[in-house]
**Q** 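Right, I'll just put the structure down here and ask away after.
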Amino acid sequence: MLADTALLLCDLQNDFIHPDGAYGRAGQGAAEIAAIPARLKPLADRLREKGGWIASTHFTLFTGKQGEPFIDPHLRHLRPFLKKGDFVQGSWGHAVVDELAPSDLPVEKVGYDAFYQTRLEWLLRKAGVKKLLVAGIVTNGGVSSTVRGAHVREFDVTVLEDACAAFSRDVHETAIAALRPVAKISTVAAELAKLQ
């Protein structure tokens with residue numbers, strides 16, 4: 001049994017990945033990002049069969065009056081297309097993509113590091129998780145920050161380099177190289193082989 005292991009899905013949400021999501025509507029997709037759910041599904045399914053956990057981080061735009069999202073100035077500058085209704089808790093866009101759902105341990109987050117001001121560490125500890133297999137987007141943002149956050153909290157972290165992506169291959173590869181001192185680097189196929 002793999003009760004101490006979780007596949008951590010970083011921001012693999014409809015609003016990021018699905019063509020009808022916020023990024024898709026804005027033409028902000030990338031083939032490398034779109035390919036992740038199908039590549040990762042066999043590992044997620046096997047991990048579930050073996051008693052492991054699926055945890056997920058959900059980038060969230062919390063709302064104020066009249067449902068207007070609180071968007072940090074730097075994010076508004078980078079992603080001016082974000083609008084009311086995007087990344088709202090409980091919405092279709094906020095949910096994990098269908099191929100990888102359901103998540104056993106979903107956590108909302110507002111920044112890059114999924115441990116920052118969230119209940120992620122508490123949930124993982126209560127579930128008995130000691131090992132994390134990390135996948136998601138973007139490698140140089142939420143993935144890198146969350147992996148470092150897990151490392152300093154003494155989780156055994158493995159990054160699935162072919163189940164992470166950024167909007168540029170070079171940026172992805174640089175981020176993976178920078179994570180080598182704090183995490184093991186593996187692939188979906190290598191981790192699947194370990195679960196046979």
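Keep in mind that this is a model prediction, so the values were computed, not measured. Hydrogens, waters and symmetry mates are skipped; everything else that's a heavy atom, side chains included, is used.
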**Q** Does the ring of F155 carry R125 above it, NZ/CZ under 6.0 angstrom from centre and within 45° of its axis?
**A** yes
**Q** Could you check whether atom NZ of K130 has more than 12 heavy atoms from other residues, nucleotides or ligands sitting under 6.0 Å from it?
**A** no
**Q** Taking side-chain hydrogen bond (donor to acceptor under 3.5 Å, both in side chains) as the cut-off, I'd like each qualifying pair that reaches into residues 179-188, sequence neighbours left out, listed once.
**A**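 Passing the test, one end in residues 179-188: D156-K184, S186-E191.
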**Q** Does a side-chain N-to-carboxylate-O contact under 4.0 Å join K50 and D45?
**A** no
**Q** Can you tell me how far OG1 of T146 sits from CG of L8, rounded to the nearest 0.5 angstrom?
**A** 6.5 Å
**Q** For P106 and L123, which heavy atoms make the closest approach, and how far apart are they?
**A**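 Reported closest heavy-atom pair: O-CD1, 4.0 Å.
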**Q** Taking the side chain as C-beta and beyond, is there a heavy-atom pair between E108 and R119 under 4.5 Å?
**A** yes
**Q** More than 12 non-hydrogen atoms from neighbouring residues, nucleotides or ligands closer than 6.0 Å to CZ on F81, yes or no?
**A**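 Count over threshold, so yes.
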**Q** Are V152 and V143 connected, step by step, through hydrophobic side chains (Ile, Leu, Val, Met, Phe, Trp, Tyr) whose heavy atoms are closer than 4.5 Å?
**A** no
**Q** For residues L133 and L179: do they belong to one hydrophobic cluster (side chain heavy atoms under 4.5 Å, members Ile, Leu, Val, Met, Phe, Trp, Tyr)?
**A** no
**Q** How long is the gap from CG on L120 to CZ on R153, to the nearest 0.5 Å?
**A** 8.0 Å
**Q** Distance check, rounded to the nearest 0.5 Å: L9 atom CG versus L160 atom CG?
**A** 10.0 Å
**Q** Between atom CD1 of I36 and atom SG of C164, what is the distance when rounded to the nearest 0.5 Å?
**A**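 So the CD1 of I36 and the SG of C164 are separated by 6.5 Å.
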**Q** Is there a path of hydrophobic side-chain contacts, each under 4.5 Å between heavy atoms of I, L, V, M, F, W or Y residues, that connects V138 with V188?
**A**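 Yes: a chain of side-chain contacts under 4.5 Å links V138 to V188.
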**Q** Does D20 offer a backbone N or O that forms a donor-acceptor pair with the side chain of R25 under 3.5 Å?
**A**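 Indeed, once roles are kept as given, a pair shorter than 3.5 Å links the two residues.
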**Q** Identify whether V134 and L43 are in the same connected component of the hydrophobic contact network (ILVMFWY, side-chain heavy atoms under 4.5 Å).
**A**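 Unlinked, V134 and L43 end up in two clusters.
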**Q** If you measure only the distance, is there a donor-acceptor pair under 3.5 Å linking the side chains of R79 and Q28?
**A**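 Checked: R79/Q28 side chains show no N/O donor-acceptor pair below 3.5 Å.
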**Q** Taking D113 for its side chain and F115 for its backbone only, find out whether a donor-acceptor pair lies under 3.5 Å.
**A**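 Pair found, side chain donor or acceptor close to backbone of F115.
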**Q** Please round to the nearest 0.5 Å and tell me the distance separating atom NZ of K194 and atom OG1 of T158.
**A**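 Reported value, rounded in 0.5 Å steps: 6.0 Å.
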**Q** Mind checking the NZ-CG spacing from K83 to L61? Nearest 0.5 Å is all I need.
**A** 11.0 Å
**Q** For K109, run the side-chain hydrogen bond (donor to acceptor under 3.5 Å, both in side chains) check against T118, T60, T57, D11 and tell me which one passes.
**A**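 Going through the options one by one, the only one that passes is D11.
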**Q** Taking D86's backbone N and O only, do any of them form a donor-acceptor pair with D15's side chain (distance below 3.5 Å, no angle check)?
**A** no
**Q** Determine the interplanar angle of the F16 and F59 rings, folded into 0 to 90°, and report it as parallel if under 30°, tilted if 30 to 60°, perpendicular if over 60°.
**A**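 Rings of F16 and F59: tilted, 30 to 60°.
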**Q** Let me check something: do V107 and V129 share a hydrophobic cluster, defined by ILVMFWY side-chain heavy atoms less than 4.5 Å apart, either directly or through other members?
**A**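 Yes, V107 and V129 fall within the same hydrophobic cluster.
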**Q** Does CD in E49 sit with more than 12 non-hydrogen atoms of other residues, nucleotides or ligands closer than 6.0 Å?
**A**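 Enclosed: over 12 neighbouring heavy atoms sit under 6.0 Å from CD of E49.
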**Q** Quick one: name the residues clustered hydrophobically with V110, using the 4.5 Å side-chain heavy-atom rule over I, L, V, M, F, W, Y, and just say none if it's on its own.
**A**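 Same cluster as V110: F62, F70.
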**Q** Tell me whether H172 contacts the main-chain N or O of E161 through its side chain, where contact means a donor paired with an acceptor under 3.5 Å.
**A**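 Side chain of H172 to backbone of E161, a donor-acceptor pair under 3.5 Å: yes, one is there.
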**Q** State whether the side chain of S91 and the backbone N or O of V88 hold a donor-acceptor pair below 3.5 Å, judged by distance alone.
**A** yes
**Q** Got a donor-acceptor contact below 3.5 angstrom from the W53 side chain to the D4 backbone?
**A**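 No, the answer is negative, given that no donor and acceptor are paired below the 3.5 Å cut-off.
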**Q** Table please: side-chain donor-acceptor pairs of residues 96-105 below 3.5 Å, with sequence neighbours left out.
**A**
| unit_1 | atom_1 | unit_2 | atom_2 | d |
| --- | --- | --- | --- | --- |
| S103 | OG | I54 | O | 3.4 |
| S103 | OG | S56 | N | 3.4 |
| S103 | OG | S56 | OG | 2.7 |
| S103 | OG | L105 | N | 3.3 |
| D104 | OD2 | I54 | N | 2.8 |

